[in-house]
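These notes are about the structure you will find just below.
To find a chain, count down the sequence lines: A is the first, B the second, and so on, and within it residues start at 1. These figures come from a predicted structure and were not determined experimentally.
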Amino acid sequence: SAVISQKPSRDICQRGTSLTIQCQVDSQVTMMFWYRQQPGQSLTLIATANQGSEATYESGFVIDKFPISRPNLTFSTLTVSNMSPEDSSIYLCSVRPTVNTEAFFGQGTRLTVV
Amino acid sequence: LAKTTQPISMDSYEGQEVNITCSHNNIATNDYITWYQQFPSQGPRFIIQGYKTKVTNEVASLFIPADRKSSTLSLPRVSLSDTAVYYCLALNTDKLIFGTGTRLQVFP
């Protein structure tokens, strides 16, 4: 199993500013992912955070808007840049210890942009 | 990644068995079926996974027919605490792509 700590748990931000969300895992994992979940909706994969290289982004998400760092196998950050009210959402970090094991999720960061 | 289709919502009463069916007509040979549960204000949690026939654990059973074009998650004797969104995924890669999910509401 894996225990994930996400910070902050929630924040209210002014439009035009940026917020960095941290994800800390209690064990080394190869696969780490960032998701967005808008109220009442399903999860949408933003990107795969690759250790030692650039993140791999899904269609509709770009590095300039959502820069991701993955300095080691236990930590990653997601930055939401130049925020607008449309970025108000829950952002979740997820890990999979191996491709054949279940995924574990953090509690999420509830972001409100005003 | 195979697309999955499941009912948007279901209602049940405490003590009943709930069966949630998921359609995955274009499932690939290497895909396996996995289900996750999500409570409000929490991240999804793994429930069960299978490739074919029947899998059972302490939480649920998963039935997969021979053609694997659908699967059924069975929750025995649900309680109020089973109220959640249930996601069906068919995958064989590292990343999880979530569909719409089924919102299960359990009434007393």
Side-chain angles (χ1 to χ4, degrees), chain A residues 1-10 21 23 25 29-51 55-61 68 70 78 89-112, chain B residues 1-10 20 22-24 28-52 55-60 62 73 83-105:
Chain A
S1 68
V3 178
I4 301 172
S5 173
Q6 237 183 279
K7 294 180 181 179
S9 58
R10 60 177 60 226
I21 302 167
C23 177
V25 189
V29 292
T30 304
M31 292 171 281
M32 186 175 283
F33 309 92
W34 287 97
Y35 289 84
R36 181 174 72 183
Q37 185 171 30
Q38 294 177 316
Q41 303 297 312
S42 180
L43 288 81
T44 301
L45 180 63
I46 298 172
T48 301
N50 302 308
Q51 195 265 330
T56 304
Y57 290 84
E58 297 298 308
S59 175
F61 297 95
I68 289 171
R70 180 86 193 272
L78 168 74
S89 189
I90 297 172
Y91 293 85
L92 296 114
C93 171
S94 173
V95 302
R96 289 186 79 185
T98 72
V99 70
N100 294 319
T101 58
E102 64 192 85
F104 298 91
F105 288 81
Q107 294 284 65
T109 296
R110 183 180 295 271
L111 171 63
T112 303
Chain B
L1 294 172
K3 177 178 169 58
T4 59
T5 304
Q6 46 184 131
I8 296 296
S9 64
M10 294 182 69
I20 306 174
C22 178
S23 171
H24 26 80
T29 303
N30 294 334
D31 287 346
Y32 53 94
I33 295 102
T34 183
W35 286 78
Y36 282 77
Q37 173 192 56
Q38 186 178 27
F39 297 114
S41 301
Q42 294 186 26
R45 183 183 72 161
F46 172 84
I47 302 176
I48 197 166
Q49 174 180 295
Y51 185 80
K52 59 182 179 180
V55 179
T56 298
N57 62 21
E58 64 278 5
V59 177
L62 177 60
L73 175 72
T83 293
V85 179
Y86 293 82
Y87 294 98
C88 165
L89 298 89
L91 74 166
N92 65 3
T93 63
D94 51 359
K95 57 186 181 182
L96 273 63
I97 303 297
F98 287 81
T100 57
T102 297
R103 189 172 299 274
L104 173 65
Q105 179 69 56

Does any non-hydrogen side-chain atom of B:I97 lie less than 4.5 Å from one of A:L45?
yes
The reported gap from CD1 in B:I47 to CD in A:E102 (rounded to nearest 0.5 angstrom) is 11.0 Å
May I have the step-by-step check of side-chain contact (heavy atoms from CB on, under 4.5 Å) for A:Q41 and B:T100, ending in yes or no?
CA-CA 7 Å; A:Q41 303 297 312; B:T100 57; over 6 Å; no
Is there a side-chain contact (heavy atoms from CB on, under 4.5 Å) between B:F46 and A:F104 once you walk through the steps?
CA-CA 8 Å; B:F46 172 84; A:F104 298 91; over 6 Å; no
Side chain proximity check, B:Q42 to A:Q107, heavy atoms < 4.5 angstrom
yes
Answer with yes or no after comparing the ring centroid distance for B:F98 and A:Y35 against a 6.0 Å cut-off, counting only values under it.
yes
Side chain, backbone, both or neither: which part of A:L43 has a non-hydrogen atom closer than 4.5 Å to chain B?
both
Who wins among B:P40, B:S41, B:P44, B:G43 for the most heavy-atom pairs under 4.5 Å with chain A?
B:P44
Is B:K95 salt-bridged to A:E58, going by a charged N under 4.0 Å from an acidic O?
yes
Please look at B:R103 and chain A and tell me whether the side chain, the backbone, both or neither of the residue comes under 4.5 angstrom of a heavy atom of that chain.
side chain
Looking only at heavy atoms, which two atoms of A:S42 and B:Y87 are closest? And how far apart?
OG-CE2, 3.3 Å
Measure distances from B:T34 to the heavy atoms of chain A and classify the residue's part below 4.5 Å as side chain, backbone, both or neither.
neither
In this structure, CG of A:L92 is separated from CD of B:Q38 (nearest 0.5 Å) by 7.0 Å
